[in-house]
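Below is one structure, written out as structure tokens; the observations come after it.
These numbers were taken from a predicted model, which means no experiment stands behind them.
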Amino acid sequence: MHQAALLGGMIQDAHHYGWEVAQPIRHDWRKMAEAVQNHVKSLNWGHRVQLQDRKVKYFNIKASFINKHTVCGIAKSGKETLLSADHIVIATGGRPRYPTHIEGALEYGITSDDIFWLKESPGKTLVVGASYVALECAGFLTGIGLDTTVMMRSIPLRGFDQQMSSLVMEHMESHGTQFLRGCIPTCIKKLPDGQLQVTWEDRTSGKKDTGIFDTVLWAIGRIPETRNLNLKEVGVNINPENQKIIVDAQDITSVPHIYAIGDVAEGRPELTPTAIMAGKLLAQRLFGQSSDLMDYNNVPTTVFTPLEYGCVGLSEEEAVAHHGQEHIEVYHAYYKPLEFTVAERDASQCYIKMVCLREPPQLVLGLHFLGPNAGEVTQGFALGIK
């Protein structure tokens with residue numbers, strides 16, 4: 001869907017390059033949604049086929065522990081299956097969080113799990129949150145021509161470099177995404193015509209305000225799927241603050257033969273490729289092929305906002321906190337991507353910075369890149385920094 005929005009921008013650029021594109025340009029949500037959903041279904045089907053080819057038994061059931069070596073799974077039909085094993089890996093991931101204390105939040109709001117499965121266009125949308133999920137969704141909704149507002153309680157992209165975050169937001173704002181800063185929603189009501197009336201409070205002034213939207217999307221963080229696993233009964237320790245499972249460097253929980261990988265494990269980056277790699281290494285350690293541990297340092301990541309932001313290593317804030325301001329040197333530059341030149345696109349947020357140790361040989365601690373194809377660019381630099 002991010003790609004769909006980028007294509008819209010390219011169509012705008014096309015006439016500068018001599019292409020005659022009929023105006024007005026229209027976007028068909030239905031067509032895009034169907035294509036995206038079919039792609040995801042084919043991926044899921046492919047995984048099932050691969051499991052079958054490798055003689056892995058696949059059960060589509062919801063499981064929980066009944067003792068340290070046994071889980072009980074319940075199918076949609078209600079049929080129960082008991083499975084026992086020497087090793088058990090928990091890789092249940094997380095789900096988007098709903099703010100259940102807000103009236104109407106659950107009944108009328110949707111999450112990022114739902115937006116990709118909508119059959120019809122979400123129309124005028126309020127995105128609540130300032131995480132990368134919030135900004136990515138708001139970015140592509142604006143990009144395909146929808147009226148989109150982001151309501152954020154505090155800072156955008158918490159945990160990322162804040163200078164880069166403000167450039168990401170500046171770009172989004174200049175391309176039509178609206179921002180309500182320092183605001184929190186208090187109530188959602190459904191109007192007779194099916195639209196949603198949202199009431200919110202400005203945290204600085206204490207004033208209340210309302211707005212009408214077709215869709216409200218919650219992007220206020222995720223919670224791990226641990227609540228219904230019966231972990232306490234079998235002695236698997238979790239962090240009571242965030243419900244994540246506590247693991248050691250070998251992904252072992254407080255029960256020696258039970259492991260946890262991915263978003264469900266405490267202190268791990270919430271990134272799919274990281275979880276996949278951790279799973280491969282765990283399998284190799286369990287069955288004697290190697291003793292390699294997953295290295296969670298310098299894991300590159302990209303935020304797929306309309307202007308993509310890729311980074312690897314420390315943010316400037318983290319580098320200063322670890323090494324002290326006087327030991328840090330930051331190299332930075334604005335630049336103009338080639339594809340912005342002929343189309344005379346505004347490149348005022350295209351920016352790159354390198355956070356280094358000041359003493360020679362000036363080891364690179366972090367690299368931050370804001371511009372087209374940031375994911376691909378960051379991949380290469382990640383290898384260098386590694």
Side-chain angles (χ1 to χ4, degrees), residues 130-136 154-172 221-222 242 244 247-251 261-263 265-278 280-281 292-337 347-386:
S131 61
Y132 67 88
V133 174
L135 297 188
E136 287 176 346
S154 56
I155 60 168
L157 298 180
R158 185 182 295 285
F160 287 92
D161 188 280
Q162 284 303 294
Q163 184 194 3
M164 304 306 284
S165 300
S166 39
L167 286 168
V168 166
M169 278 190 45
E170 242 174 64
H171 179 272
M172 287 179 70
R222 299 170 68 83
N242 58 15
K244 289 197 172 197
V247 289
D248 67 7
Q250 299 187 47
D251 306 310
I261 53 168
D263 290 17
E266 169 79 344
R268 303 292 194 232
E270 296 188 358
L271 297 168
T272 307
T274 327
I276 292 170
M277 191 65 196
K280 286 183 180 176
L281 291 172
D292 289 356
L293 295 178
M294 179 68 184
D295 178 4
Y296 289 99
N297 289 315
N298 293 330
V299 173
T301 188
T302 298
V303 180
F304 289 97
T305 37
L307 194 62
E308 296 171 14
Y309 166 34
C311 59
V312 56
L314 302 183
S315 66
E316 190 173 338
E317 291 86 353
E318 287 168 333
V320 168
H322 284 133
H323 301 280
Q325 186 77 62
E326 69 283 5
H327 297 297
I328 297 298
E329 187 85 67
V330 178
Y331 294 89
H332 59 111
Y334 287 94
Y335 71 100
K336 191 159 196 167
S348 53
Q349 287 91 20
C350 293
Y351 186 71
I352 184 161
K353 82 174 184 184
M354 212 158 61
V355 181
C356 307
L357 278 175
R358 186 161 281 174
E359 288 75 36
Q362 294 204 326
L363 195 68
V364 180
L365 301 172
L367 187 121
H368 302 266
F369 179 95
L370 190 55
N373 308 302
E376 306 309 318
V377 173
T378 308
Q379 294 264 18
F381 284 116
L383 197 60
I385 285 177
K386 211 65 175 162

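Relative ring orientation between Y334 and Y351 is described as tilted, the plane-to-plane angle lying within the 30° to 60° band.
E316 and K353 are joined by a salt bridge, as a carboxylate oxygen and a charged side-chain nitrogen come within less than 4.0 angstrom of each other. Ionic pairing of E266 and K244 is not present here: no N-O contact between side-chain nitrogen and carboxylate oxygen is shorter than 4.0 angstrom.
Within the model, atoms OG of S315 and NE2 of H368 stand 6.0 Å from one another, a figure rounded to the nearest 0.5 Å. Residue I261 holds its CD1 atom at 9.5 Å from CD1 of I276, rounded to the nearest 0.5 Å. Going from atom CD of E317 over to atom CD1 of I328 covers 11.5 Å, rounded to the nearest 0.5 Å. The NE2 atom of H171 sits 7.0 Å away from the SG atom of C350 when rounded to the nearest 0.5 Å. One distance of note links CZ of F381 with CG of N298; it measures 14.5 Å at 0.5 Å rounding. Between the NZ atom of K386 and the CG atom of D295 there is a distance of 3.5 Å, given to the nearest 0.5 Å.
Considering only heavy atoms from C-beta on, D251 comes within 4.5 Å of R268 through its side chain. No side-chain heavy atom of V168 sits under 4.5 Å from any side-chain heavy atom of L307. Between M172 and P306, the closest side-chain pair of non-hydrogen atoms falls below 4.5 Å. Residues C311 and T301 meet the side-chain proximity criterion, which asks for heavy atoms closer than 4.5 Å.
Between the side chain of E136 and the backbone N or O of T305, no donor-acceptor pair lies under 3.5 Å. Looking only at distances, a side-chain donor or acceptor of S166 sits under 3.5 Å from a matching main-chain atom of Q162. Side-chain atoms of H332 do not come within 3.5 Å of backbone N or O of V355 as any donor-acceptor pair. A donor-acceptor distance shorter than 3.5 angstrom exists from the side chain of D161 to the backbone of M164, with no hydrogens or angles considered. Using a distance-only test at 3.5 Å, with no hydrogens or angles considered, no donor-acceptor pair links the side chain of E308 to the main chain of L370.
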* Decide side-chain contact (heavy atoms from CB on, under 4.5 Å) for L365 and L357; before the verdict, give the C-alpha distance in whole Å, the side-chain angles of both, and the deciding distance to 0.1 Å. => CA-CA 7 Å; L365 301 172; L357 278 175; 4.0 Å; yes
* **Stepwise side-chain contact (heavy atoms from CB on, under 4.5 Å) check, F304 with Y309** => CA-CA 7 Å; F304 289 97; Y309 166 34; over 6 Å; no
* Can you list the steps and then say if L293 with L281 is a side-chain contact (heavy atoms from CB on, under 4.5 Å)? -> CA-CA 7 Å; L293 295 178; L281 291 172; over 6 Å; no
* **Stepwise side-chain contact (heavy atoms from CB on, under 4.5 Å) check, V330 with M354** => CA-CA 6 Å; V330 178; M354 212 158 61; over 6 Å; no
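Contact between P300 and L271 at its shortest, heavy atoms only, is O-CD1, 4.2 Å. Closest heavy-atom contact between E318 and G313: OE1-O, 4.3 Å. Here the closest heavy-atom approach between residue A265 and residue V247 is recorded as CB-CG2, 3.9 Å. Nearest heavy-atom pair across G310 and T302 is CA-OG1, 3.9 Å. What you find for M294 and A278 is that their closest heavy atoms are SD-N, 4.0 Å.
Taking the six-membered ring for Trp, Y335 and F369 have ring centres closer than 6.0 Å.
Checking H322, E359, R358 one by one against H327, the side chain to side chain donor-acceptor pair (under 3.5 Å) holds for a single residue, E359.
Looking at Q362 and Y331, their side chains do bring a donor and an acceptor atom within 3.5 Å of each other.
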